[in-house]
Number of protein chains: 2
Amino acid sequence: MMQDTPRPRRARRLPTTEELRIWRDFIETAETLRSELTARLQSESSLSSGDYAVLLALSEAEGHRMRSSDLASHIDWERSRLSHHLGRMERRDLIRREECAADSRGAEIVLTPTGLQSFRQATVPHLSAVRELFVDALTHEQLIAAGDLAATLRARLSVSGRRRGSAAQTKAARSDDG
Amino acid sequence: MMQDTPRPRRARRLPTTEELRIWRDFIETAETLRSELTARLQSESSLSSGDYAVLLALSEAEGHRMRSSDLASHIDWERSRLSHHLGRMERRDLIRREECAADSRGAEIVLTPTGLQSFRQATVPHLSAVRELFVDALTHEQLIAAGDLAATLRARLSVSGRRRGSAAQTKAARSDDG
DNA sequence: CGCGGCTGATTGACATGTCAATTATGTAGG
DNA sequence: CCTACATAATTGACATGTCAATCAGCCGCG
């Protein structure tokens, strides 16, 4: 728990082969996990994980509606990404855009009955998949370690990643999957 | 700290709130990490992480050339993805396609001088970023835990993820970043 | 040879993401 | 009021991914 790195602490050494191996394993596994979950969601519900994130947020919102901006920051998406995605979801009748009374620049995003139904049908299978591929795959200790890793890495990202307005919030910034 | 989930152990229970929180933190952190690394690579080298994966493989190949198919399986990409990507890289003069003497269906992908130079310029900054955002962010124990998690999750993916031909190799299947 | 099936690779259609404008509306100060 | 700037959201151009279809060259077998 004590030694951070034993030796060449002075200069800007590069990662060792072993460190790189772990890095690749880690990032590729996370990526594979994400893509497997996405594929299952898609085949079971015809929803992408982006759709799911939007629908989840709306389903929890008061009146099943939300300002576009608030939605974007809630799920931690760039606004233009959300705008494009909402266009696609609107075409599929999952959401609807309405004018906002309070601020006529704004739009309110409203969950449609179709959208709500799709979301409800997707929920249980999706959460089951999360359980199967993540929660149940790990021991309790590993699960705790996963949370710990995430927190540690996020902390590092939040101090050094202050470049583009990307993600890297200090607090967990939910996005997709839930 | 002890009880995993006290009760409904029999049926197909869904993840608890806490388990879901960890899941979201984990997957979103990995995603943020990936996107931060990608953004740095892009701004420092005008290379995407896809470009980097391809260039890395070619730079290590004999004669800086490789059959398209071998390249695809080496970096664990779908062939059509690789084909599209190579088209874009060829336009930027990072790689070149040549006919394959042995099998005239085939193509050999060749690293151009421009491609090699771009890759060489990208390497050190990229590995430094990996060190900064991942390796150095973690204690030795956490690093080991990360490797352990990856292996465990990958094992689960490889047995249950046998659906589409996606990733989920049993062994670490390098893709981007390196 | 010549058919049939496998393999290597590309293509087209479309979903998804990013970045840099652009449009339109709010708001503060003179 | 009116200009200057900030904010809400969309748009366009383009990079990246997936899937299914296609095209062409290999190979085995009668």
Side-chain angles (χ1 to χ4, degrees), chain A residues 31-32 34-43 46-54 66-92 94-95 97-109 163-167 175-176, chain B residues 31-32 34-43 46-54 66-92 94-95 97-109 163-167 175-176:
Chain A
E31 166 60 19
T32 301
R34 194 192 55 69
S35 95
E36 175 67 19
L37 267 292
T38 296
R40 291 195 184 192
L41 191 57
Q42 181 77 64
S43 73
S46 300
L47 293 178
S48 68
S49 65
D51 299 334
Y52 190 88
V54 169
M66 216 168 180
R67 286 293 295 273
S68 178
S69 240
D70 296 338
L71 179 53
S73 68
H74 189 65
I75 61 181
D76 193 32
W77 279 17
E78 286 186 15
R79 300 238 297 236
S80 103
R81 176 183 177 186
L82 180 60
S83 198
H84 284 301
H85 203 92
L86 290 177
R88 293 185 294 262
M89 292 180 74
E90 193 167 31
R91 284 207 305 273
R92 295 190 288 147
L94 296 172
I95 58 101
R97 290 190 239 224
E98 289 183 2
E99 290 186 5
C100 177
D103 184 337
S104 55
R105 286 169 303 184
E108 276 203 327
I109 314 304
R163 357 176 89 251
R164 34 199 98 253
S166 60
S175 85
D176 53 308
Chain B
E31 166 60 21
T32 302
R34 193 191 56 69
S35 97
E36 176 66 20
L37 267 292
T38 296
R40 291 195 184 192
L41 191 57
Q42 181 78 64
S43 74
S46 300
L47 293 178
S48 68
S49 64
D51 299 334
Y52 190 89
V54 169
M66 217 168 180
R67 286 291 296 273
S68 179
S69 237
D70 296 339
L71 179 52
S73 68
H74 189 65
I75 61 181
D76 193 32
W77 279 17
E78 286 186 15
R79 301 240 296 231
S80 103
R81 176 183 176 186
L82 180 59
S83 197
H84 283 301
H85 204 93
L86 290 177
R88 293 185 295 261
M89 291 181 74
E90 193 167 31
R91 285 208 305 273
R92 294 190 288 148
L94 295 172
I95 57 101
R97 289 190 238 225
E98 290 183 1
E99 289 186 5
C100 178
D103 184 339
S104 56
R105 286 168 304 183
E108 277 204 327
I109 313 305
R163 357 175 91 254
R164 34 200 99 254
S166 61
S175 86
D176 52 307

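These figures come from a predicted structure and were not determined experimentally. Every chain is numbered from 1, with letters handed out A, B, ... down the list of sequences.
In this structure B:R81 satisfies the side chain to side chain donor-acceptor pair (under 3.5 Å) test with no other residue, sequence neighbours excluded. With sequence neighbours excluded, the residues that form a ring-ring contact (aromatic ring centres under 6.0 Å, His included) with B:H85 are B:W77. Every residue two or more places apart in sequence or in another chain that forms a side-chain contact (heavy atoms from CB on, under 4.5 Å) with B:S68 is listed here: B:L82, B:L86, B:I109. For A:S83, the side chain to side chain donor-acceptor pair (under 3.5 Å) test picks out no residue, with sequence neighbours left out. Partners of A:D70 by salt bridge (charged side-chain N to carboxylate O under 4.0 Å, His left out), not counting sequence neighbours: none found.
OP1 and OP2 of D:dA20 both lie 4.0 Å or more from every side-chain N or O belonging to B:S80. Contact check, A:S48 against C:dT16: a side-chain N or O comes under 4.0 Å of OP1 or OP2. Within the 4.0 Å cut-off from OP1 or OP2 of D:dA15, not a single side-chain nitrogen or oxygen of B:R92 is found. The side chain of B:R67 places no N or O atom within less than 4.0 Å of a non-bridging phosphate oxygen (OP1 or OP2) of C:dG8. Taking only side-chain nitrogens and oxygens, B:R79 never comes nearer than 4.0 Å to OP1 or OP2 of C:dT10. A close approach under 4.0 Å does occur between a side-chain nitrogen or oxygen of B:R91 and OP1 or OP2 of D:dA15.
Nucleotide C:dG8 holds its P atom 16 Å from the CG atom of B:L86, rounded to whole Å. Rounding to whole angstrom units, CG of residue A:L82 and C1' of D:dT7 are separated by 16 Å. Remark: P of D:dA8 and CE of A:M66 are 14 Å apart, rounded to the nearest angstrom. The CG-P distance, from A:L71 to D:dT10, rounds to 11 Å in whole Å. If you take CG of B:D70 and P of C:dG8, they are 9 Å apart, rounded to a whole angstrom. A straight line from CD1 of B:I95 to C1' of C:dA9 spans 13 Å, rounded to a whole angstrom. Taking atom CZ of B:R88 as the reference point, atom C1' of C:dT18 lies 14 Å away to the nearest angstrom. The CD-P distance, from B:E108 to C:dT10, rounds to 12 Å in whole Å.
Relative to the side chain of B:S83, the nucleotides C:dT10, D:dG12, D:dA9 differ in distance, and C:dT10 lies closest. Comparing C:dA9, D:dA8, C:dT10 against the side chain of B:R97 picks out C:dT10 as the nearest. Here the side chain of B:E78 is nearest to one of D:dT16, D:dC19, D:dT10, namely D:dC19.
Under the 4.5 Å side-chain criterion, counting only non-hydrogen atoms from C-beta, A:E99 is not in contact with A:S104. The closest side-chain heavy-atom distance from A:L94 to A:V54 is not below 4.5 Å.
For the atom pair B:S49 OG and B:L37 CG, the distance stands at 8.5 Å (nearest 0.5 Å).
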Collect all protein-nucleotide pairs involving nucleotides 23-27 of chain D in which both atoms are nitrogen or oxygen and the distance is under 3.5 Å.
| from | atom 1 | to | atom 2 | distance (Å) |
| --- | --- | --- | --- | --- |
| D:dG25 | O3' | B:S104 | OG | 2.9 |
| D:dG25 | N2 | B:R105 | NH1 | 2.8 |
| D:dC26 | OP1 | B:S104 | N | 3.2 |
| D:dC26 | OP1 | B:S104 | OG | 3.0 |

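B:H85 comes within 4.0 angstrom of sugar-phosphate atoms only, judged by non-hydrogen atoms across all strands, and of no base.
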